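Report on the following structure.
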Amino acid sequence: MSILERFKKHLNLIEYPDKNASWDVAGVLKNGYYKFDVKGLKKTSDSTACKEGSLSTKADKMVFEFHTKWVILDIEELHEYIKKHKLKDINLEDLISRLEWNMIIDK
């Protein structure tokens, strides 16, 4: 089962983009309707996990999957943080502690 199939179980009123889009699924999570970037992590040559994103994405939230939880970040806040601190590589644990809007959902 894909990361998208696993994550969409947490959504209501699910929608998909009509064509190639920068978001993968939309729906209601808790009390809000959002477009989500639900692409999985990739391994780099030094065996660290990374996720690439674009500053021009139309997604509202970025989703990260771990064994026991989902971590969801607000893309607008993430982009502001990246621009303000002129970053290219970011540690997810740092983001969780520094960004105001994030959501952690236990599996």
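Predicted model only: the values in this text are computed from it and were never measured. Along the sequence shown, the residues carry numbers beginning at 1.
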Do [X] and [Y] have side chains that get closer than 4.5 Å, going by heavy atoms?
X: L11; Y: V28; result: no
X: E65; Y: F7; result: no
X: F36; Y: W23; result: no
X: L73; Y: V71; result: yes
X: F64; Y: K69; result: no
X: L95; Y: N102; result: no

Check: Does the pair T57 and H79 meet the rule for a side chain to side chain contact (heavy atoms under 4.5 Å, CB included), with working shown?
Finding: CA-CA 10 Å; T57 183; H79 288 173; 3.7 Å; yes
Keeping the roles fixed (side chain from [X], backbone from [Y]), state whether a donor-acceptor pair exists under 3.5 Å.
X: K107; Y: F66; result: yes
X: N12; Y: I14; result: no
X: E77; Y: E100; result: yes
X: E15; Y: G27; result: no

Notebook entry, point to check: Closest heavy-atom contact between H10 and L29?
Noted result: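 Scanning both residues completely, I find the closest heavy atoms to be O-CD1, 3.5 Å.
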Next item on the list: Search all heavy atoms of Y81 against all heavy atoms of L99 and return the closest pair with its distance.
Entry: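 Smallest heavy-atom distance, with atoms named: CB-CD2, 3.8 Å.
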Nearest-0.5 Å distance that lies between atom [atom1] in [X] and atom [atom2] in [Y]:
X: L78; Y: R98; atom1: CG; atom2: CZ; value: 13.0 Å
X: K39; Y: S2; atom1: NZ; atom2: OG; value: 12.0 Å
X: I3; Y: K8; atom1: CD1; atom2: NZ; value: 13.5 Å
X: I75; Y: K35; atom1: CD1; atom2: NZ; value: 11.5 Å

Margin query: Under a 4.0 Å threshold between the charged nitrogen and the carboxylate oxygen, would D37 count as salt-bridged to K61?
Written below: no
Next item on the list: Could you point out which residue of I104, D60, V63 forms a side chain to side chain contact (heavy atoms under 4.5 Å, CB included) with I72?
Entry: V63
Next item on the list: Evaluate whether atom CD of E5 has more than 12 neighbouring non-hydrogen atoms of other residues, nucleotides or ligands under 6.0 angstrom away.
Entry: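 Atom CD in E5 is packed in, count exceeds 12.
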Next item on the list: Group every Ile, Leu, Val, Met, Phe, Trp and Tyr by side-chain heavy-atom contacts under 4.5 Å, then state whether M62 and Y33 land in the same group.
Entry: no
